[in-house]
Amino acid sequence: MPKKPPQSMPYEQGKWAAVFAPRRRGERRHWLVKSEPDVFSWEDLERAPDRTTCWDSVRNTGARNFLRDGMQVDDLAFYYHSNATPSAIVGVCRVVRAGYPDHTAFDPAHPYFDPDSDPAHPTWYMVDLQAVERLPRPVTLPEIKAAPALAEMALVRVGRLSVVPVTPAEWEAVLAMARG
DNA sequence: GCCAACGTTGGC
DNA sequence: GCCAACGTTGGC
C-alpha cells in the first residue's frame, strides 16, 4: 500500500482532488454537513435570522479543508442529522459565504477554543449556510446504505467527517429518494 | 519518524 | 452503553 499523503500534499494529488480542482464557469458543487439535532437541528436553521448560520466549531483538518478550500458561494449541501433516530438527510442548504476564519477558536471562553489558532494564522475555518428547503421526506442512513447508487458516498465510506463532498450522481439519487 | 495511548465521532 | 474507525499527541 502507498503511504498516506501528508497533510501538505497538494490537493491535486490527494484522494479528494476532484472536489478542490478548478471549476468550470458557473459550476456548482455539492456537499453534506452533519449536525446533531439535539445541538443544532434543521428546524433551528430554519428559525435562524435569514435562515442562515455560520458553520462553526469544526475541529477536524479534513473537514476544515472542505470548508476553507472546497465550498464556494452557491454550492448546495445536504443537511444531515447525526446521532438521531433515525439519522437522516433532512434538508438542503446553500453556501452563502465561502470559507473564513472560525472566530470561536480564538475565544478562550468558547468550548472549542484552540490556543494554536490565532487571527493572523487561523487553523480553523467556517462557512455560512442558509436553509433552502426541507426534503419532502427524510432519507435515512439505512436507506442510503441500501441504495446501490449511494454505495460510495463519503458519508458512509468515510465516517466521522462532519463535512463531506457529494457527487452530482449521489446528489440526484438522494433527491429522487426524497421525492419518491 | 515511529507508534502506542488517548480522544472523538457516531452507528448500533 | 459499547465499540469501530480513525485523528492527534507525545515519548522515545
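The model shown is predicted, which means the values in this text are computed figures rather than measured ones. So you know, we letter chains A, B, ... as the sequences are listed, proteins then strands, and number each from 1.
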**Request:** Kindly say whether A:Arg28 contributes a backbone atom to a donor-acceptor pair with the side chain of A:Arg23 at under 3.5 angstrom?
**Result:** no
**Request:** Mark yes or no for whether A:Asp102, through its side chain, and A:Ser57, through its backbone, hold a donor-acceptor pair below 3.5 Å.
**Result:** yes
**Asked** What is the ring orientation for A:Tyr112 with A:His110, classed by angle as parallel under 30°, tilted 30 to 60°, or perpendicular over 60°?
**Response** tilted
**Request:** Between A:Asp116 and A:Arg157, just flag the one whose closest nucleotide in DNA chain C comes earlier from the 5' side.
**Result:** A:Arg157
**Request:** Side-chain contact test, heavy atoms from C-beta onward, threshold under 4.5 Å: evaluate it for A:Val92 versus A:Phe78 and give yes or no.
**Result:** yes
Under 3.5 Å, which protein N or O atoms sit close to an N or O of nucleotides 8-12 of chain B? Give each pair with its distance.
residue, atom, partner, partner atom, Å
B:dT9, O3', A:Arg160, O, 3.4
B:dG10, OP1, A:Lys34, NZ, 3.1
B:dG11, OP1, A:Tyr80, OH, 2.6
B:dG11, OP2, A:Asn83, N, 2.9
B:dG11, OP2, A:Ser87, OG, 2.9
B:dG11, O3', A:Lys145, NZ, 3.4
B:dC12, OP1, A:Lys145, NZ, 2.5

**Six-ring centre of A:Tyr100, A:Arg97 cation under 6.0 angstrom, axis tolerance 45°** = yes
**Message:** Ring-plane angle category for A:Trp31 and A:Phe66, please: parallel below 30°, perpendicular beyond 60°, tilted otherwise.
**Reply:** tilted
**Degree of bending, the helix from B:dG1-C:dC12 to B:dC12-C:dG1 (end axes from five pairs; round to 10°)** = 10°
Would you list the atom pairs, donor with acceptor, under 3.5 Å between side chains in residues 134-148 of chain A and any protein atom, with sequence neighbours excluded?
residue, atom, partner, partner atom, Å
A:Arg134, NH1, A:Glu43, OE2, 3.1
A:Arg134, NH2, A:Glu43, OE2, 3.3
A:Arg134, NH2, A:Glu46, OE1, 3.4
A:Arg137, NE, A:Met177, O, 3.3
A:Arg137, NH1, A:Glu143, OE1, 3.3
A:Arg137, NH2, A:Glu143, OE1, 3.0
A:Arg137, NH2, A:Met177, O, 2.8
A:Thr140, OG1, A:Glu143, N, 3.3
A:Thr140, OG1, A:Glu143, OE2, 3.1
A:Glu143, OE2, A:Thr140, N, 2.9

**Item:** Distance-minimising heavy-atom pair for A:Cys54 and A:Met126
**Value:** CB-SD, 3.8 Å
